[in-house]
Amino acid sequence: MATPSTPQPVLQPLIEQRADPFIMRHTDGYYYFTASVPQYDRIELRRAKTIAGLADAEKVDVWHKPDTGPYSELIWAPELHFNDGAWYVYFAAAPSREIKHKLFQHRMYAIRNTSANPLEGAWEFMGRIDTGIDTFCLDATTFTHRGQLYYLWAQKDVAIEGNSNLYIAPMKTPWQLGGPPVMLSKPEFDWETRGFWVNEGPSVLQRNGKIFITYSASATDENYAMGLLWADDDADVLDPAAWTKSAQPVLQTCFEHGVYGPGHNSFTIGDDGETVMLVYHARTYTEIIGDPLWNPDRHTYVKPLKWDGQGMPVFGKPSIA
């Protein structure tokens, strides 16, 4: 007779009402957290000695949107990075909430802080990050590979169906690109084109001789799901042919336990200093009135990432640790 498996506990949110979550563990021993706040009007940071401690850590508003201008509305998806000896927050913002050509009007920006602790000191506005393409763009992240800093983001190409594709470029400085954008992925599979044709929210993980890029696809309701690209560590990351794309999502809605639309993830290191932790947002109900974008109940979840025998990440269910 088969032994029944022990039910795994259902995962609970770490932080409620924080979408597009980003957690990093810095060399100072602190974890830093930022995310989109429901009002979309500011950049909030918090820090703690443990991941669990972020839930109740002091919230510090480090930057507020101006009342008017090109970056005065809809502050989305901030990410905190330490590049070239300074702190940077990369984020997207729009001049208004108006929809034009079926899209919002977001462009990407950066602010910088040279303090040891980014919750202290002054933040300097570094301006717009110009990709050479003047269209809707958002969800920038950065990573260093073989000594070169890269910028990775989502942007609209007017010649391609959908809202956004994934692009990569080398950086000349932490706030300026050093080469032309290269497209790595576009919405093409059924699970990437439900509600909206979207590839967005990229995040980078370098492990096991490979570079992994996770991203999110489809509308931001229960259809939202995560995909995966990967390349060998010694590959030219600016060569689209070097990347392999999973035909299936790697993380998607769990109807069994009521965790819906997981996505817009980041990665951090666990309190043990070794375990890779997957950070993402998800909803706990589907009955959303109106546009899901304006619903505040996308919560931050954190769970350990697992690995298979070939060194590939195993994401499991968003509801199970």
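- Of the inter-residue distances, the one linking Arg25 atom CZ with Asp28 atom CG reads 10.0 Å to the nearest 0.5 angstrom.
- In terms of heavy-atom proximity, Ala86 sits nearest to Thr114 at CB-CG2, 4.2 Å.
- No side-chain heavy atom of Pro70 sits under 4.5 Å from any side-chain heavy atom of Arg107.
- For NZ of Lys49, the number of neighbouring non-hydrogen atoms (other residues, nucleotides, ligands) closer than 6.0 Å is greater than 12.
- In this structure the side chain of Phe104 reaches within 4.5 angstrom of the side chain of Ile99, judged on heavy atoms.
- Because its NZ or CZ atom is both nearer than 6.0 Å to the ring centre of Tyr30 and within 45° of the ring axis, Arg47 counts as a cation-pi partner of that residue.
- Checked against the 6.0 Å centroid threshold, Trp76 and His106 count as a close aromatic pair.
- Taking a cutoff of 4.0 Å between a charged side-chain nitrogen and a carboxylate oxygen, Glu44 and Lys59 do not qualify as a salt bridge.
- Taking the centre of each ring, Tyr224 and His264 stay at or above the 6.0 Å mark.
- More than 12 heavy atoms of other residues, nucleotides or ligands lie within 6.0 Å of NE2 in His64, so this atom counts as buried by the packing criterion.
- Counting heavy-atom neighbours within 6.0 Å of Asp308 CG, excluding the residue itself, gives a total above 12.
- The aromatic ring centres of Phe125 and Trp123 sit 6.0 Å or more apart.
- Between Met226 and Leu228 the shortest side-chain heavy-atom distance does not fall below 4.5 Å.
- Asn113 and Tyr88 share no side-chain donor-acceptor pair at under 3.5 Å.
- The side-chain heavy atoms of Ile211 and Leu229, taken from C-beta on, include no pair separated by under 4.5 Å.
- Taking the side chain as every heavy atom from C-beta outward, Arg46 and Val60 never approach each other to under 4.5 Å.
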Open item on the list: Between Val314 and Leu305, does the side chain to side chain contact (heavy atoms under 4.5 Å, CB included) criterion hold? Intermediate values first, please.
Closed with: CA-CA 6 Å; Val314 177; Leu305 195 66; over 6 Å; no
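- You'll find the side chain of Phe196 stays beyond 4.5 Å of the side chain of Ser218, heavy atoms only.
- Judged by distance alone, the side chains of Thr34 and Glu79 never bring a donor and an acceptor atom under 3.5 Å apart.
- Between Lys245 and Glu188 there is a salt bridge, with a side-chain nitrogen of the basic residue lying less than 4.0 Å from a carboxylate oxygen of the acidic one.
- A salt bridge does not link Arg18 to Glu16: none of the charged side-chain nitrogens sits closer than 4.0 Å to a carboxylate oxygen.
- Residue Leu14 comes nearest to Ala52 through the heavy atom pair CD1-CA, 4.0 Å, listed as atom of the first residue, atom of the second, then distance.
- The nearest pair of heavy atoms linking Ser203 to Ser266 is OG-CA, 3.4 Å.
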Open item on the list: Does His281 form a ring-ring contact (aromatic ring centres under 6.0 Å, His included) with Tyr301? I'd like the steps, not just the answer.
Closed with: CA-CA 6 Å; His281 75 230; Tyr301 288 81; 9.4 Å; no
- [ ] Go through the steps for Thr141 and Tyr90 under the test side chain to side chain contact (heavy atoms under 4.5 Å, CB included), then give the verdict.
- [x] CA-CA 7 Å; Thr141 192; Tyr90 301 95; over 6 Å; no
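- The CG atom of Leu177 sits 13.0 Å away from atom OH of Tyr167, with the distance rounded to the nearest 0.5 Å.
- Residues Lys186 and Glu192 are not paired through a salt bridge, judged by the lack of any N-O separation under 4.0 Å between the basic side chain and the carboxylate.
- With contacts defined as side-chain heavy-atom distances shorter than 4.5 Å, the pair Leu80/Phe33 does not qualify.
- Closest non-hydrogen pair, Ser115 versus Gly121, comes out as OG-CA, 3.3 Å.
- If you chain together hydrophobic residues whose side chains sit under 4.5 Å apart, Ile269 and Met24 never meet in one group.
- Checked by atom type, the side-chain pair Asp221/Tyr260 shows no donor-acceptor distance below 3.5 Å.
- The distance between the ring centers of His81 and Phe22 falls below 6.0 angstrom.
- Residue Phe136 holds its CZ atom at 9.5 Å from CD of Gln155, rounded to the nearest 0.5 Å.
- Minimum heavy-atom separation, Pro262 to Leu251: CB-CD2, 3.7 Å.
- At distances below 3.5 Å, at least one donor-acceptor pair connects side-chain atoms of Trp191 with backbone N or O atoms of Ala247.
- For the residue pair Gln17/Asp297, the side-chain donor-acceptor check at 3.5 Å is satisfied.
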Open item on the list: Using salt bridge (charged side-chain N to carboxylate O under 4.0 Å, His left out), reason through Arg42 and Asp61 one step at a time and then give a plain yes or no.
Closed with: CA-CA 7 Å; Arg42 65 191 186 274; Asp61 295 340; 3.1 Å; yes
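- Within the model, atoms CG of Leu238 and CD of Gln148 stand 8.0 Å from one another, a figure rounded to the nearest 0.5 Å.
- Salt bridge status for Asp134 with Arg128: present, with a side-chain N to carboxylate O gap under 4.0 Å.
- Note: Tyr71 and Phe91 fail the aromatic proximity criterion, with ring centroids not under 6.0 Å apart.
- Looking at Asn199 and Ser164, their side chains never bring a donor and an acceptor atom within 3.5 Å of each other.
- Phe143 is connected to Val182 through a chain of hydrophobic side-chain contacts under 4.5 Å among Ile, Leu, Val, Met, Phe, Trp and Tyr, so both are in one cluster.
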Open item on the list: side chain to side chain contact (heavy atoms under 4.5 Å, CB included), that's the test. Do Met171 and Thr142 meet it? Break it down for me.
Closed with: CA-CA 9 Å; Met171 301 195 83; Thr142 65; 3.9 Å; yes
- [ ] Could you walk me through whether Val302 and Leu278 pass side chain to side chain contact (heavy atoms under 4.5 Å, CB included), step by step?
- [x] CA-CA 6 Å; Val302 180; Leu278 175 66; over 6 Å; no
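- Linking Ile, Leu, Val, Met, Phe, Trp and Tyr residues whenever their side-chain heavy atoms come within less than 4.5 Å places Tyr215 and Ile168 in a single cluster.
- Taking CE from Met126 and CD1 from Ile111, the interatomic distance works out to 10.5 Å, rounded to the nearest 0.5 Å.
- Val62 is connected to Ile75 through a chain of hydrophobic side-chain contacts under 4.5 Å among Ile, Leu, Val, Met, Phe, Trp and Tyr, so both are in one cluster.
- Here the CH2 atom belonging to Trp175 is positioned 8.0 Å from the CG atom belonging to Asp84, to the nearest 0.5 angstrom.
- Tyr32 is connected to Val89 through a chain of hydrophobic side-chain contacts under 4.5 Å among Ile, Leu, Val, Met, Phe, Trp and Tyr, so both are in one cluster.
- Contact record, Ala77 with Asp139: CB-OD1, 3.3 Å, taken as the closest heavy-atom pair.
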TODO: Start with the C-alpha gap between Trp87 and Phe82, add the side-chain angles, then the distance that decides, and say whether ring-ring contact (aromatic ring centres under 6.0 Å, His included) holds.
DONE: CA-CA 4 Å; Trp87 294 99; Phe82 191 77; 5.0 Å; yes
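- For the pair Leu184 and Leu152, the minimum side-chain heavy-atom distance is below 4.5 Å.
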